[in-house]
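Beneath this line is the structure, given in structure tokens, with notes to follow.
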Amino acid sequence: METAVLIIVSTVLANNFVLHRFLGLCPFLGASARLDAARGMALATLLVLTLASIAGHLIFRFLLVPFGLEYLATLTFILIIAALVQAVELIVRAISPLVQRILGLYLPLITTNCAVLGVALLNVRQQRSLLEAAWFGFGAGLGFAFVLITFAALRERTDRAPVPAAFQGAPLALLTAGLMAIAFTGFGGMAGD
Amino acid sequence: MFAGIVVVTLLALGAGAGVLWLRRYLADGTEKLVAAIDNLLPQIQCAQCGHPGCRAYAEALARGATTIDRCPPGGERTQLALAELLGDAPGGAPLPSPARTHLARIDEAACIGCALCLPACPVDAIVGASGFLHTVIAAECTACELCLELCPVDCIALVPRPEHPVSTA
Amino acid sequence: MSATLPAAQALPAKPAMPLAAGIWRDNPALVQLLGLCPLLAITTTVTQALTLGLVTLFTLLASNTLVSLLRRWLSPEIRIAVAVLIIAGAVSAAEMILAAWFHELYLRLGIYVPLVVTNCTILARAEAYARHHPPLAALRDGAAYGVGFLLALLLLGTLREWLGHGSVLRDAELLFGPAAAGWTIGSVTGHRGLLLALLPPGAFILLALVIAARRRLEIRAAPRIDATGAAQVAR
Amino acid sequence: MLLEHEPGEVLHPFHGGLRLRHYKRQSLSSPVSRPPLPARLVLPLCQHQGRAGRLLVSPGQRVLRGEALTVAEAANQVPIHAPSSGVVRRLEILPTIACPEPGEPCLEIELDGEHRAVAPAVPPPWRAMSAAELQRAIAAAGIVGLGGAVYPSAAKLLAAGQEIDTVIINGAECEPYISCDEALLETHPERVLAGAGILARAAGARRLVIAIEKRMRSAERKLNARLEVTTVPTRIVKVPSMYPEGGERQLTQVLTGREVPLGGYPQALGLVVFNVATAAAVADAILDGLPLVERIVTVTGTGIAAPGNRRVLLGTPLHHLIADCGGYRPGAARLVCGGPLMGEALVHDGLPVVKGTNCLLVLDAGEIADSAPVLPCINCGECSRVCPVQLLPHELHWAIRAGDLGRAGEFGLEACIECGCCAQVCPSHIPLVADYRRGKAEIHAERQRRAHAERAKARYLASQERRQAKAAAAREAAEAEQRLAGDAAEAKARIAKALDLARQKKAKRTPMTTPAPSRSRHR
Amino acid sequence: MTIRHFPTAPAPHLPPSRDVATLMRDVLIALVPGIAAHAWFFGPGIFLQIGLAALFALGAEALAARWRRQSARRLIGDYSALVTAVLFALSVPPLAPWWIALIGMVSAIWLVKHAYGGLGYNRFNPAMAGFAIVLISFPLPMSQWLAPAPLGAGGTDLLEILRAVGLGQLPEAARWDAISSATPLDLLRSGRAQNLLVSEVRLDPVFGDFGGHGWEWIANWYLAGGLWLLYRRVINWRVPVATLGTTLLLTLPFYLIDPAAHPLPLQHVFSGALVLGAFFIATDPVSGASTPAGRLWFGAGVAVITLAIRRWGNYPDGLAFAVLTMNALAPLIDRYTRPRIYGERR
Amino acid sequence: MNGTDRPAAWQSIAALAASALLVSSVLVVVDHFSRPRIEAERRAAAEALLAQMLPGIDYDNSLAASFTALHPVHAGDPNGVYRASHKGRPAAWVYAVTTGQGYGGAIELLVGVDPAGRITAVRVTDHRETPGLGDRIEAGKSTWITQFEGRRLGDPPAAAWRPNRLGGAFETISGATITSKAVTDAVRRVLEYDTAHRGDLPAVEKGQ
Ligand SMILES: Cc1cc2nc3c(=O)[nH]c(=O)nc-3n(C[C@H](O)[C@H](O)[C@H](O)COP(=O)(O)O)c2cc1C
Ligand SMILES: Cc1cc2nc3c(=O)[nH]c(=O)nc-3n(C[C@H](O)[C@H](O)[C@H](O)COP(=O)(O)O)c2cc1C
Ligand SMILES: Cc1cc2nc3c(=O)[nH]c(=O)nc-3n(C[C@H](O)[C@H](O)[C@H](O)COP(=O)(O)O)c2cc1C
Ligand SMILES: Cc1cc2nc3c(=O)[nH]c(=O)nc-3n(C[C@H](O)[C@H](O)[C@H](O)CO)c2cc1C
Ligand code: SF4
Ligand code: SF4
Ligand code: SF4
Ligand code: SF4
Ligand code: FES
């Protein structure tokens, strides 16, 4: 349990996936223009990150390592992530069209979210156990969800401000991300990586 | 050495087959989406979107068979609402609707009572019968213009809605 | 596994002047904001930026060419899946080459080399251009966008290294061999620079400033592009 | 619904509000008098919330004081009456306070100066009348709320299915400067009490509460001296002066500690609130047979030479009234109808007094805040601290400025009573209430559109159904008669052709020149 | 009789009761006692810092006004840049070199304020963002504090201060003893790392009765200024009460359980920037939460994060980061703490 | 899946598998050529850091392979050691140690010691000190860490094994006294451990 807490503090605050590790920036900027969209994206990503983390670990340990195929990690992971995303989308759609409406748009986007591939690769490189990998994926998702939702709420306000032309849109979003990263710098040192 | 090829190929096969299997065995919930889309359309039923009525357009949208910028009466407002629901980017702006500002009026002096315009009105806003004078029910007309071209004596025109209808007798 | 491309990423193909489009008008990093993760993560030195830029360029060229070659056989169902496979293959190959011949750089770039797979620019070019055009044109298009991305990396890398370390091109020998050890401009050690530039927040802020500056140049050049127009250009 | 205490027995606080300096003495120092008759009166046909009644007179017709000019034919209609005798000159769109540009339909009466009244139909003793008869009589006298909302008073009593238990008479005149209610209480306390008693009976209420402001000591004395005039148990309650205590929701909360449900009225709690002037007007109508043709108006402010209260005929031009109060002082810079917080600045003084006109305020340049620049909202939260409805006025402001009416609705825009507290305390001097009025108007328009769309949808479905049925019947008939199935196909072709024609015409109308979506939403 | 025309304007028609410039001026006035105490204990360096920060802040504001084609007079006339400058100056060490103020103020005014649209639109506290930027970028000069007056001899000499601030040269004589001295919070941290008892750490002369020596008095004067602001209704009670209350609430149990290992709760309140922060910084209306409940959450969040950073983080005090983090969260907090509307059933 | 223009499901899967086959084949070939080099590089990288620890010392075994985990009893005891040997005789020891007294948390160090008990080198392998202050213990950021080279217990005397800011003989990193003290202490502790326990360490086996 302590590992879990440490991993989550680390992935959410101290080494936030988006703000300090630079993973998942495309959806961070792309899906944050509105709060409800951000909520959908956050939930979908949380789900997929956790699943991908586990799936990646299993594939690596039971398929790649036994045959000495570590070099195929990238290829197999992206394959499995894409399939996973599709499967999750189909299942969600079948179980609850409502949730599908909330998440549906965002699921396909997740394939090209580098946080998902990143979390699987980091698990391998940092040699996490299955349980740790699961927590890591979940924590990464939480961290992503946390900053995405916060950021979306912030952007609802910055969007209505008389921002100088050169800063409108992307530059201001990045500036905001930078200031959030500064704020989160304070959490540095609170947990390992 | 060939293990790599085998593993990747099998994985691709498995993933592809799995997704296809899932797709076949799981139903989808398009119905609710259609209802949600239909709810956002202006219900003018003018067919300017290229579909026979708003519901048909909603179905086409849910199938992904058309784009969200096809409904002129809805204007920018509807397009933004659809973009929000469907996650598409709003595209070119459709023509703004005349509906709020205009209505059809039949020049009663010119009307010959041919009744040609009757079946064209999608909301039954024209009353009258063959051989009699026709009128448009102001409160119901959506200004869809479908009736205008049908009149053989060109007696129907869109006119601005009176802004402050003074209800003196 | 046919992920649908989001509308914003399926960019219109503009055949004219692909180089100008890739580098300036539609610069994948500075205008389309794609592949920002590596852009921000590894640009602490010019050398790293250059390396990752080259890997991305290589992958873009490979994927554009192959997708263009295969374009007649790819049905819509699997088009994207195959493109992703090709990209992942190219990146894996690049990764192995890097690990074998530029090991130190490979270690420094960490997971951002394999993450080139998820750089949407590559998939977007395959989808938007390569699958409609013959190999040579696709190659040219890939080169334009790859160089555009590379230049953005270099620009940010130069800024961050210069502000943060007070040097440019430190550790060049890792990429160019021992002969390059002397290429470094400015001091290598002892300089206390603007530390912020090297840290994550600095990366965001500098990129924001670079994009704002680019925007400003554009507004200057075409004074009639108003605020909203500019905002639309840059999604 | 059981209350722990009777209304007004214990006083309760309400959220927010402002303690304001009152400037009532200026206008209260002189007695209430009548200005001389003007040459002509201009009477808007509709002076209340609702629709105008059917016109009874035509140009050239001679009318007497108290004669009905319109008649109500629906629940939301209220008649108007001639305030003095003369000749109806014209029916025309003329500028009014409610609509200075371009104006609304008004009757102009040229007075003959004789001020002859119709022979008052001797009303039956009101104690012999049933509640329903009283309500009808109140409606026929053209009585609407004189406290500002100008809602038909009889309609308040009719509120279906609601048991009214207490009638509250609102004398908590809380806006600075306005003193017409206090002047009325000082001069005619017995009229107010009598009207209140009639209203209680008309409402079927068993209790009467008369709420006045704490500082109205002499009015309290006078009321207490005549309490026997009412016929139900009556309590005079002095409420602390805190703006906008006079708002009926706030007053309800102060007197009962309960909140009027969102979107509802005090009637939901078994209460009904009337202004003191409304009560007096009821007394005039029921006891004397005089319909609502005049009211007390406060004319005051730093820009007025001799502030005071005047009993004015409806339709009197404002400048006539102002002239009677000594005219303008040199520095007069703004003309306001109503109090300083809720009042509306008027473009000119040629507009006529209407039923809702309670105060004319003329301010000099030193007292208005034009010089203060409007800054962006700094999120200080002062506005929400003072908002009696517990809204977040700055959020409403943002939502409306961003054109996000849905958001504004979520934040409770429609619950805003436009009291102006928020705008008064805003350090950035944002005209918040102006925003809300715009936003409300847009929401209203949007709702109309929605309702229209719903109706169109229903009619479309019905027409589809009918057509299909007809087509089916036609087919059947055709088959039965072994004829070529012509009709249905032809009808279909005709519709298709219509669609085609419309589409072609549409195409001709392009290229479209509509501007791209104007808000820059970065993504 | 002629009709007279009048210009119209939206209601209300009373002269405004307050304006932004008055609010800001009140904040500046309320800071005066604290600044005086600061100068008393740490020497006149603070005046130099305030002067420099104000100069750069106003300069940056004037340039921003020019670029944005606004009236510089109006922009500067609202005093908000001055408040930013003073709060920034109070956060940096009195001997920090001049370019610290330059970089801090330019980034605060341009990047944090005007890039977002200027007064009222900034989403982060400019003073704290500027402070955090220089703290992260230049940790060395930013961690070199003077010892309070009775403990250190150096630093009060005007010439030496000028040299330190102007040229970045620290006074020779004072280099090791008075300059770069650990603040009470630093000592608590290092003590904890070395498993010392709080009582042992507190033997160090920089500790006073309940806070840091000198620091506690400065904090008292900030407190006085803050209470005056409350009285003037410039700030709302919720943020300071929530911030200080949460600090006490969170630290009290630890102290009660093991007084030897944990500092007195008041110690937490009166060392570092908490009092200044609770009354002057977390109360910045623009970048904070605005609903009543939201303000309580905001203040509590500031306290929790500050304490967490003091305890586990990489920085001796966490107020700036706590405020910035809560700034980021403020819109979300506001969104979920909308008060119940009159008559609305919940 | 039945229109003429859309391929059947199995066709899609087959096409996918075919491309997977092709791509993986290419990768297998690349792997074939790069694998030996990658492994060599990997080994060299691991050795390179350790080699830095032993400047001027001759040894002929693989340091990376010589690692033995130790079980710290007291705080400050090393948690592992690499043993260098030359012609079968011990040549040097590189201790891995973690100190919890850093400013931002744990600092991990390698301390090389020659047979005479002199420090060959000290390197920080992981830490969480403040960038710009405490991080100057990294060799790449300043030369501070090299001041220990050649020192041994008694040089300077135990009382002076601390930063000069605290009255000792070693330089202090300005603004980072705590960090400086943590590293200095940790190095001293390793030397003390080395003196006390070196004899207990297992010898380097053949083939390591
Ligand atoms: C902000 C506000 C202030 C009001 N102030 C008064 C007031 O001072 N006196 C008053 O009689 N009505 C006032 N009203 C109107 C009351 O809410 C209510 O409509 C009136 O007392 C009902 O009586 P009536 O229908 O006879 O006008 C105010 C309304 C609002 C929204
Ligand atoms: C330092 C201070 C602390 C206060 N604490 C509380 C409190 O805990 N609860 C409370 O209801 N009012 C408290 N008040 C009273 C408030 O100032 C105020 O009267 C009341 O809460 C309404 O606040 P509002 O006008 O901001 O809604 C406090 C006042 C001060 C000056
Ligand atoms: C932002 C900041 C970061 C700090 N980082 C460190 C650090 O990494 N290592 C350290 O020993 N002290 C650190 N400190 C503590 C101070 O530098 C403290 O004053 C120091 O331990 C004692 O000062 P001195 O080293 O100049 O004697 C930091 C202080 C601040 C304000
Ligand atoms: C009570 C109060 C507190 C303030 N606190 C700060 C502050 O901490 N930092 C700052 O830069 N400005 C502060 N200001 C000034 C101003 O609000 C700030 O510069 C705005 O963020 C600029 O838009 C404060 C103003 C007031 C009224
Ligand atoms: S164009 Fe719009 S209003 Fe007309 S039928 Fe189509 S959806 Fe309905
Ligand atoms: S009357 Fe004409 S314009 Fe109006 S709805 Fe019917 S067909 Fe359309
Ligand atoms: S005007 Fe509306 S929002 Fe403003 S204080 Fe009054 S009720 Fe609240
Ligand atoms: S009072 Fe004015 S400045 Fe303050 S929050 Fe409300 S609208 Fe904004
Ligand atoms: S590059 Fe990381 S999500 Fe796009």
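Predicted model, so just to flag it, every value in this text is computed and none were measured. Chain A is the first sequence line, chain B the second, and so forth, proteins listed ahead of strands; every chain is numbered from 1.
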Residue part contacting chain E, namely of [X], when any heavy atom lies under 4.5 Å:
X      : value
D:R407 : side chain
D:F411 : both
D:A423 : both
D:C377 : backbone
D:P317 : neither
D:V347 : both
D:L335 : both
D:C426 : backbone

Measuring only between side-chain heavy atoms, which start at C-beta, is [X] closer than 4.5 Å to [Y]?
X      : Y      : result
E:T291 : D:E395 : no
D:H15  : E:Y342 : no
E:P339 : D:L392 : yes

How about [X]: does its [atom1] atom have over 12 heavy atoms from other parts shown lying under 6.0 Å from it?
X      : atom1 : value
D:W398 : CH2   : yes
D:R438 : CZ    : yes
D:Y265 : OH    : no

Against chain E, work out which of [options] has the most heavy-atom pairs shorter than 4.5 Å and name it.
options                        : value
D:L351, D:L341, D:D349         : D:D349
D:L432, D:I322, D:L346         : D:L346
D:G263, D:A434, D:G350         : D:G350
D:A333, D:S384, D:C421, D:P431 : D:A333
D:E344, D:E418, D:R437, D:E382 : D:E382
D:L262, D:N379, D:L361         : D:N379

Give me the atom names and distance for the closest heavy-atom approach of [X] to [Y].
X      : Y      : answer
E:P15  : D:Q424 : O-NE2, 3.2 Å
D:R334 : E:P7   : CG-O, 4.2 Å
D:Y177 : E:L14  : CE1-CD2, 4.3 Å
E:Y121 : D:P376 : CE1-CB, 3.4 Å

Distance from [X] atom [atom1] to [Y] atom [atom2], nearest 0.5 Å?
X      : Y      : atom1 : atom2 : value
E:D284 : D:C380 : CG    : SG    : 11.5 Å
D:H319 : E:I3   : NE2   : CD1   : 5.0 Å
D:I378 : E:S290 : CD1   : OG    : 11.5 Å

For E:R233 and D:R385, what are the C-alpha separation, side-chain angles and deciding distance, and is it a side-chain contact (heavy atoms from CB on, under 4.5 Å)? CA-CA 11 Å; E:R233 281 195 175 280; D:R385 193 177 63 76; 3.2 Å; yes
Go through the atoms of E:D334 and report whether side chain, backbone, both or neither lie under 4.5 Å from a heavy atom of chain D.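 Contact with chain D involves the side chain of E:D334 alone.
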Less than 4.5 Å to any heavy atom of chain D: does that hold for the side chain of E:L119, its backbone, both, or neither? both
Spell out, as yes or no, whether a donor-acceptor pair under 3.5 Å connects the side chain of D:E259 to the backbone of E:R345.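 Looks like no, no N/O pair under 3.5 Å.
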Would you find a donor on one side and an acceptor on the other, under 3.5 Å apart, between the side chain of E:H13 and the backbone of D:G343?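 Flag set: sc E:H13 to bb D:G343 pair under 3.5 Å.
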Begin with the C-alpha distance, continue with both residues' side-chain angles, and end with the deciding distance and a verdict on side-chain contact (heavy atoms from CB on, under 4.5 Å) for E:I341 and D:Q390. CA-CA 5 Å; E:I341 298 173; D:Q390 280 166 266; 5.6 Å; no
NZ or CZ of E:R4 within 45° of D:Y328 ring axis and under 6.0 Å: yes
